[in-house]
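To start, the structure itself, in structure tokens.
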There are 2 protein chains.
Amino acid sequence: MNEILVEPSSQEAENVVNRAFQRRAVVVIVGDCSVHYHGRASSKLTAGERVAIIKEDGALLVHRPSGYEPVNWMPGQNVAYNAKTKDKTLEIRAVRRKPAESIKLVFNRIHLISCMDLRDFGDFSLHASEEDMHRAILLKPSLLETGFKPISYEKKVEPGFMDIYGIDRNGKLMVVEVKRKTAGKEAVLQLAKYMEAVKRKANREVRGILAAPDIAKDAHRTLETFGLEFLQVDPRKCAETLQQAETRKLAEFFGENQL
Amino acid sequence: MNEILVEPSSQEAENVVNRAFQRRAVVVIVGDCSVHYHGRASSKLTAGERVAIIKEDGALLVHRPSGYEPVNWMPGQNVAYNAKTKDKTLEIRAVRRKPAESIKLVFNRIHLISCMDLRDFGDFSLHASEEDMHRAILLKPSLLETGFKPISYEKKVEPGFMDIYGIDRNGKLMVVEVKRKTAGKEAVLQLAKYMEAVKRKANREVRGILAAPDIAKDAHRTLETFGLEFLQVDPRKCAETLQQAETRKLAEFFGENQL
DNA sequence: ATATGCATGTCGCAC
DNA sequence: GTGCGACGTGCATAT
């Protein structure tokens with residue numbers, strides 16, 4: 001069920017919007033509005049033409065005519081909505097608890113309202129995440145270094161979890177911190193922290209490895225200070241490796257089932 | 001100039017959308033589409049009904065019917081757009097360099113297209129940022145602790161910049177790390193790092209202070225290990241303090257000008 | 001251009 | 001519920 005209004009009165013808008021809130025339709029409003037937010041912080045946005053979206057789950061986005069980010073918003077958990085006409089304007093209020101915050105939109109003029117029940121059962125898949133890199137390295141350790149043998153994954157040590165833990169071709173322990181993009185100082189500090197812990201526990205030589213496509217220059221200096229190593233790993237190559245493995249697995253699966 | 005089309009053919013859509021790209025209008029499309037992304041990672045989203053927004057500056061957002069975040073997007077810098085009909089579908093491609101990435105939307109069906117030239121000269125103001133907390137503490141140091149005297153702000157020491165640096169009522173040095181929300185382990189480690197540096201340079205007693213509205217329980221243990229302190233500071237109270245100061249300043253300003 | 005840290009970050013996952 | 005880290009994070013700022 002779709003309702004589209006062009007240049008509606010605030011009263012018409014109120015009716016259609018409240019009905020949409022009831023049935024949890026996706027609402028898109030284009031018009032001139034001001035916005036007040038109060039909660040984790042406080043903000044005020046004076047009048048201007050914007051696009052507002054209110055989703056099925058109550059997520060709210062207010063978008064200015066340019067810029068990637070919404071100028072105001074509300075994540076879609078535990079939010080209650082209400083629209084009402086006031087002095088020929090349409091006021092929309094959203095309130096949520098935990099964290100306690102509220103937002104008020106006042107539309108002075110509405111160019112367009114669309115309320116639609118959208119059906120979206122599409123599958124979303126993403127490749128080349130840090131998770132993918134972990135799995136690819138575990139699957140084919142030579143992506144990191146020839147002769148590397150992983151022992152464990154997400155192993156707990158005192159300060160947290162190491163990404164990957166293993167032994168190099170010479171039998172030395174290796175603590176590996178993986179990053180999917182240029183590694184900065186934080187990554188180095190994280191690795192240093194884990195390596196200290198492992199060194200204290202295991203009473204033998206330990207290599208600390210930062211595995212990433214690149215490392216910031218300053219970070220590299222810090223790395224050397226701590227006696228750590230950088231090994232270049234290409235996330236795209238990791239994704240390919242995984243893909244091939246998947247394909248192989250599928251082939252095996254269908255092979256078995258055809259028996 | 002506004003153009004609104006309801007259930008247009010892909011050909012009609014192509015025309016109106018390409019015109020909109022030309023004049024940098026804000027485009028909103030509601031319809032059934034699939035999305036492919038290639039760049040920093042790769043992603044595929046199979047068909048479903050979504051809301052897409054393309055802004056003046058080329059920022060692109062694809063929103064599913066629920067959730068705060070766009071499922072696919074393109075930030076609005078150095079992006080080129082193109083729309084064309086293909087087999088009764090509308091293909092929209094966005095390409096940007098640096099980072100090199102591209103996105104393709106294929107609309108199987110379009111419920112609504114709106115292309116509008118939006119005017120937004122509104123002012124946005126936000127209070128209660130970490131920056132606000134810094135300024136409030138410098139303005140009224142007792143917000144942190146009675147007798148505290150700030151010396152410098154964003155002072156550079158070896159590993160980076162300290163938030164605030166000063167002397168307590170007993171003449172001890174204080175290194176202050178400010179956080180606007182519950183402080184975790186990272187905050188403690190950051191502070192520890194700065195304090196070590198200051199201790200080495202200044203040859204006298206130094207207090208390391210974590211100033212935040214709250215601290216994570218585990219982080220508090222880490223804090224004690226390092227011999228640091230937590231002081232509770234309310235970001236809202238900081239915002240109020242600033243507000244009052246602003247008001248006072250304005251009053252003074254107008255007072256002067258009335259002479 | 002690169003690096004660093006904040007954000008009303010949001011989100012998922014483990015404890 | 002809390003804590004912790006990833007994110008195609010985006011973004012501003014300082015170098």
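By convention in this document, chain letters (A, B, ...) are assigned in the order of the sequence lines, proteins followed by strands, and residues within each chain are numbered from 1. None of the values given here were measured: they were computed from a predicted structure. What's counted below: heavy atoms across the whole structure, side chains too, no hydrogens, waters or symmetry copies.
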Atom [atom1] of [X] to atom [atom2] of [N]: distance rounded to whole Å?
{"X": "A:Y68", "N": "D:dC11", "atom1": "OH", "atom2": "P", "value": "8 Å"}
{"X": "B:K55", "N": "D:dG10", "atom1": "NZ", "atom2": "C1'", "value": "12 Å"}
{"X": "A:M162", "N": "C:dA14", "atom1": "CE", "atom2": "P", "value": "17 Å"}
{"X": "B:M133", "N": "C:dA7", "atom1": "CE", "atom2": "C1'", "value": "14 Å"}
{"X": "B:E130", "N": "C:dG9", "atom1": "CD", "atom2": "P", "value": "11 Å"}

Which protein N or O atoms sit under 3.5 Å from an N or O of nucleotides 12-15 of chain D?
none

Using the ring of each side chain (for Trp, its six-membered ring), is [X] parallel, tilted or perpendicular to [Y], with breaks at 30° and 60°?
{"X": "A:Y153", "Y": "A:H134", "result": "perpendicular"}
{"X": "B:H220", "Y": "B:F230", "result": "perpendicular"}
{"X": "B:Y81", "Y": "B:F21", "result": "tilted"}

* Asked: Less than 3.5 Å between a donor and an acceptor, one on the side chain of B:E101 and one on the base of D:dG8, is that the case here?
  -> yes
* OP1 or OP2 of D:dT9 under 4.0 Å from side-chain N/O of A:K181 -> yes
* Asked: Quick one: is D:dT9 close enough that its OP1 or OP2 comes under 4.0 Å of any side-chain N or O from A:R180?
  -> yes
